[in-house]
Amino acid sequence: MIILGINAYHGDAAAAVIRDGKLVAAVEEERFNRFKHCAGFPIESIKYCLMEAGVGIDEVDHIGISSDPSAHLHKKILFAATRAAKQATSAGARLTQHQTGATAVIEKPPNGKEPGGNGNGPGLFRQIKDRLGNAAKVRDLREELARQLQIEKGDIRAEFHNIEHHRAHLASAFFVSPFERAALLSIDGFGDFISTMWGTGEGNSITVLDQVEYPHSTGIVYTATTQFLGFPHYGDEGKVMGLAPYGKPRFIEEFRHIIRTEEGGQFRLNLDYFRHHAEGVEMSWDQGSPVIGRIFADEYARTFGPPRPAGSPLTDREQDIAASLQLRLEEVGFHVLNHLHEQTGLTDLGLAGGVAYNSVMNGKILLNTPFKRVFIQPAAGDSGTALGVCYQIHNGILHQARGEVMEGAYTGPAFSDEEIKKSLQESVVKFEEYTQREVTRRAAKDIADGLVVGWFQGRMEFGPRALGNRSIVVDPRRADMKDILNDRIKKREPFRPFAPSILEERVGDYFEQTHPAPTMLMVYQIKEEKRAEIPAVTHVDGSGRLQTVSRSVNDRYYQLISDFNDLTGVPVILNTSFNENEPIVCTPREAINCFQKTRMDVLYLGIFAIRR
Ligand SMILES: [Fe+2]
């Protein structure tokens, strides 16, 4: 039984494939087409997944997409109609909606101008039209797939499924977790008109207990504030999370006014601060990187002063706003989670959704809620819904037994030593060849000698973090390494921290918490007495976004850190993603190009190495 899952027409387009319940491949489209967070149709990912499974599209039994245009349709229509009617009245527009087949038609007024716009954006009509356009594409998945694969529609015999966005998130958080029973939370911006959904998983089924609907969303607050702070790009929220520890949460009351908690784990936005619900926000979900127009309303400036222009100096104000936002997100997150625990009595938690990339919040869950164990699969954000779709079909719809536990993130393309050698030869670079045992020893020595080391091994990671297969690794003991990395390769904002990879059994020696963090989605406090030992991975508040590395999950990476430990007595290396302001490299050729463009000292590819 082959099942193909797709996330399309949404940020981080991706595909995943499972065979008889076993995860064969999962990958993000950005790694192939090189557009960060690409939001179009993941045709290259689909082709790769089919290749990895060794099947043609005609052999796939089920195909699903993590969007269900008919989900909450009555709420969408009602919301759109209410808002549009309000605006149309003043603009003289006419709105008709034909609900048959989940199609709504929005007609422009006779003058052809779109009502509802304010001069800054395309207005609600355009927004609704765009959304419905995407909904139509989702419904025509078979046709789109046939067109992209250049085959006849009839050649695809698979049964098609629309899996609601948050149900796909929940499925990704449970069916590949080690838990037989667990509380589940999906929390993000929006998907299928919902921002937050929670429930329980047991065996091969998931029960939804409650949800938070449009326009209320923690993700929207974070994104709006990120924009206000002068970080306009899709996915910039992590920068604000990195900025927060520099500030003091002196605006916490303002943020409690912007997003308030309610009984039953619910929360509500003060809509005066936002544009998404009223004027519409320009969004582009084409084949390139997603673009989101301004979400914050003028009320932000009335409260905090003028927005920070991108690239201008950061002041205490920005740091304090970031600190307040982060604290408020944590308060609301724990409010939902504590309610979820009360409602279910469970102590194991599966977490997903874009907000589950907030590793600072994640790292505090065990300290602020009764949960004892947390599972977050590596692609917790929208790309992971492709994986969730596969398992929602396999377990939830077809009632197949569980079996797969996702321990690593290594589900992308791999390249054999022969293929790597060929790329090296084609690139006409001088290279060295080692034995398997030598390669980690040599690299460990290079790291200890202060070199910047590219580390390209095995299958590429799924999700945003490089976890030791597409990584740049350096010595965490050197305080100047952060500046060296930024200067030579990464060019990141100087306030952003770099992350440590640590041997799993040594976590307790360095961190105040020991719950495993194999996908680098937890931030813990580094023990006070250890901070000076690993300054390059210690953030300003003494925290570190760690990756716990075990031999069973990634043998070669474990060996590298172990060899570094033999040389230095420190079981930690600094791990940052293998890229230079672009999607993480996928192929040997891309790794070699990145090495040549930047000032990396040495690049290990499999058992080969090239040196500057
Ligand atoms: Fe999502």
Side-chain angles (χ1 to χ4, degrees), residues 5-16 26 28-30 36-40 42 45 64-69 71-72 75-76 131 134-135 138 162-176 184-199 206 208 210-224 226 234-238 267 276 281 283 285 289-290 292 295 329 332-333 336 350-359 361-362 375-392 462-465 519 521:
I6 297 168
N7 174 44
Y9 318 118
H10 205 92
D12 293 317
E28 282 123 345
E29 188 72 359
E30 64 159 29
K36 261 189 176 180
H37 303 294
C38 160
S45 307
I65 186 168
S66 56
S67 176
D68 185 355
H72 317 292
K75 286 173 196 148
K76 289 177 197 171
R131 197 184 285 163
N134 276 346
V138 167
N162 287 105
I163 308 294
E164 192 194 344
H165 185 84
H166 283 277
R167 285 177 188 258
H169 272 313
L170 293 180
S172 78
F174 180 59
F175 291 128
V176 294
L184 306 173
L185 172 64
S186 169
I187 179 163
D188 68 9
F190 285 110
D192 282 337
F193 221 59
I194 300 293
S195 78
T196 308
M197 184 182 275
W198 61 86
I206 288 173
V208 172
D210 209 350
Q211 62 196 17
V212 180
E213 291 160 15
Y214 188 95
H216 306 288
S217 159
T218 52
I220 283 287
V221 179
Y222 219 96
T223 302
T226 297
Y234 191 88
D236 274 352
E237 290 82 356
F267 54 82
H276 65 292
V281 172
M283 297 188 195
W285 299 109
S289 295
I292 309 273
I295 299 174
L329 176 78
V332 175
V336 178
L351 191 61
V355 175
Y357 283 148
N358 195 293
S359 47
M361 180 184 82
N362 298 344
F375 173 80
I376 312 173
Q377 58 88 7
D382 288 330
S383 54
T385 62
L387 177 82
V389 161
C390 290
Y391 284 96
Q392 180 59 23
F462 186 40
R465 304 275 88 89
T519 53
L521 289 172

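Source: prediction; values computed, not measured. Hydrogens, waters and symmetry mates are skipped; everything else that's a heavy atom, side chains included, is used. Atoms within a ligand are numbered from 1 in the order they appear, just like the ligands themselves. Throughout, residue positions are numbered sequentially from 1 according to the sequence presented.
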Item to check | Test side chain to side chain contact (heavy atoms under 4.5 Å, CB included) applied to Trp198 and Leu351, Val212, Leu184, the passing residue | outcome: Val212

Item to check | Full working for side chain to side chain contact (heavy atoms under 4.5 Å, CB included) between His165 and Asp382 | outcome: CA-CA 9 Å; His165 185 84; Asp382 288 330; 3.0 Å; yes

Next on the checklist: For a quick check under 3.5 Å, do Gln377 and Thr519 share a side-chain donor-acceptor pair by atom type?
Outcome noted: no

Checklist outcome for this item: Exactly one candidate in Asp192, Asn162, Thr385 meets side chain to side chain donor-acceptor pair (under 3.5 Å) with Ser66; the answer is Thr385

Next on the checklist: Parallel, tilted or perpendicular: which one describes the rings of Tyr214 and Phe193, with boundaries at 30° and 60°?
Outcome noted: parallel

Item to check | Under 2.8 Å from the Fe ion (ligand 1), the protein N, O or S atoms, given as residue and atom | outcome: His165 NE2, His169 NE2, Asp188 OD2, Asp382 OD1

Checklist entry - For the residue pair His169 and His166, does the interplanar ring angle fall in the parallel (under 30°), tilted (30 to 60°) or perpendicular (over 60°) class? => result tilted

